[in-house]
Amino acid sequence: MTLLAPLPDHQDVQTRSWQELWRRHTHITTPLRERGLPCDIEFGLSAHIVRVTLPDDSYLIISPPQDPPSDHSPGDPEGWIATREDPDDETLFEVVYDSLPSEDPGADPRPEARHGGSAEPLIEAIDHRLTQLGLLPAPGPPHTSPHPAPTQPTSRAQVATGAPESGATYAYGDALRDLTDRLNGAESHADAAALLHQILQPTDGLLAQLGEFFEAAGEKAKEAEEDDGFDLSYDLADAAAEVRHLGEVLHVAEDRMRALTPLTPAPRAPSAPARAPSLPPAAPPTSRRTR
């Protein structure tokens, strides 16, 4: 399981408003944190930005339009610009990625502009540049690639049916199954609490991301021409709300699990000393009559 870079260390992290702001940017922060890059959310000129600390003490600023400001909701702008800067070297200013709408109608559009506010091309461009500079602490997980390699059949049944292996088809279910197996084998309640943290962490835990998934699926359903698309979007929005409510209900479960102590085995009663088995009573001698 991939270890994430730590969350920002400031008091605002615990406020609902900051958590909601962080939630709206997880499609940017999560893949970067999976690569070992600490991220924070700050306010720029007129909108919130993502600040990414790099190993050489320079940083990336990932920003929506600032001047004029974007009229889109936080985390979902019409485009992104990522720049690399250094607080101790004012001469360092590099545009790593720019999909912002052009301010000059007569200028040729930038290649990135066609991607708009999509996160995948932005993360790919950052990956590429930081790899060139030797500033990428860890490669991204394989499942984050937007172009996964095709799965080759490896069993006789797959060859016959053309079906992919279950491990490739249900990678997320397999990952959760692995987490469950680790929970079943946990040696202490502290270990179990650490696994609960993977599910209940309010911004990057499984429940939080599952809520994001259902919400995104609802938005996708709205793009359909059929009326059922809207009905389905409402059902999925309800599912997202229920999942998030479950996270709120269980928000202290991790601490409660960590505070538990294992059962003390009941003392065993002292065993009675072994005795030799008693012999059956001897049969009385039989009299013989002589002739």
Side-chain angles (χ1 to χ4, degrees), residues 1-8 13-41 48 50 52 62 73-77 80 117-124 126-127 138-146 148 167-183 192-222 232-255 257:
M1 184 167 293
T2 304
L3 296 178
L4 296 180
L7 285 166
V13 171
Q14 300 302 325
T15 66
R16 281 189 173 272
S17 60
W18 194 93
Q19 289 182 2
E20 173 63 18
L21 188 63
W22 181 271
R23 184 185 67 79
R24 289 180 176 272
H25 289 82
T26 51
H27 57 305
I28 303 294
T29 59
T30 298
L32 294 175
R33 292 178 62 226
E34 286 175 338
R35 288 152 174 78
L37 298 169
C39 300
D40 200 357
I41 307 293
H48 286 89
V50 178
V52 186
I62 303 173
S73 60
D76 185 29
W80 296 100
S118 177
E120 287 182 354
L122 166 66
I123 300 302
E124 284 184 342
I126 292 174
D127 266 349
H143 70 266
T144 60
S145 171
T169 307
Y170 305 108
Y172 308 105
D174 287 345
L176 186 58
R177 189 177 296 111
D178 176 68
L179 197 67
T180 304
D181 291 342
R182 291 172 59 191
L183 180 61
L195 295 171
L196 271 177
H197 180 78
Q198 296 288 335
I199 304 297
L200 302 177
Q201 204 279 337
T203 54
D204 294 308
L206 185 142
L207 286 184
Q209 294 306 308
L210 188 58
E212 288 286 308
F213 179 84
F214 282 134
E215 188 173 87
E219 292 299 317
K220 181 59 66 176
K222 290 180 182 178
L232 177 58
S233 72
Y234 295 144
D235 292 340
L236 291 167
D238 289 344
E242 290 180 12
V243 168
R244 287 171 180 148
H245 177 67
L246 182 60
E248 293 174 357
V249 170
L250 295 174
H251 74 284
V252 295
E254 177 188 346
D255 293 335
M257 177 68 78

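Just so you know, residue 1 is the first one in the sequence shown, and it goes up from there.
- A heavy-atom distance below 4.5 Å is found between the side chains of Leu32 and Ile62.
- When side chains are defined from C-beta on, Leu122 counts as touching Ile126, because their heavy atoms get closer than 4.5 Å.
- In this structure a side-chain-to-backbone donor-acceptor pair under 3.5 Å is missing from His197 to Ala194.
- In terms of the ring pair (Phe, Tyr, Trp, His ring centres under 6.0 Å) criterion, residue partners of His48 (sequence neighbours excluded) are, by chain and number, Phe43.
- Pairing each heavy atom of Ala221 with each of Ser233, the nearest pair is CB-N, 4.1 Å.
- Here the shortest heavy-atom pairing between Ala208 and Thr203 reads CB-O, 3.7 Å.
- By the salt bridge (Lys or Arg N to Asp or Glu O under 4.0 Å) test, Asp255 is found to be paired with Arg258, residues two or more places apart in sequence or in another chain being considered.
- The shortest heavy-atom contact between Trp80 and Gly75 is CZ2-O, 3.7 Å.
- Minimum heavy-atom separation, Ile28 to Ala119: CD1-CB, 3.7 Å.
- To the nearest 0.5 Å, atom CD of residue Glu215 and atom CZ of residue Arg23 are 5.0 Å apart.
- Closest approach of Cys39 and Val50 over heavy atoms only: CB-CG1, 4.4 Å.
- Taking all atoms of both residues into account, the shortest heavy-atom contact from Ala240 to Gly211 is CB-O, 3.5 Å.
- The shortest distance between side-chain heavy atoms of Thr29 and Ile41 falls below 4.5 Å.
- Under the 4.5 Å side-chain criterion, counting only non-hydrogen atoms from C-beta, Asp204 is in contact with Gln209.
- Distance check, rounded to the nearest 0.5 Å: NE2 of His25 to OG1 of Thr30 gives 12.0 Å.
- The residues Arg24 and Glu212 are annotated as not salt-bridged, no charged nitrogen and carboxylate oxygen being separated by less than 4.0 angstrom.
- Considering only heavy atoms from C-beta on, Ile199 comes within 4.5 Å of Leu179 through its side chain.
- Here the straight-line distance linking atom CE of Met257 with atom CG of Leu250 works out to 10.5 Å at 0.5 Å rounding.
- Take Glu242 and apply the salt bridge (Lys or Arg N to Asp or Glu O under 4.0 Å) test, not counting sequence neighbours, and it matches no residue.
- No side-chain heavy atom of Arg182 sits under 4.5 Å from any side-chain heavy atom of Gln198.
- Interatomic distance, CG of Leu200 versus CG of Leu195, reported as 11.0 Å (0.5 Å rounding).
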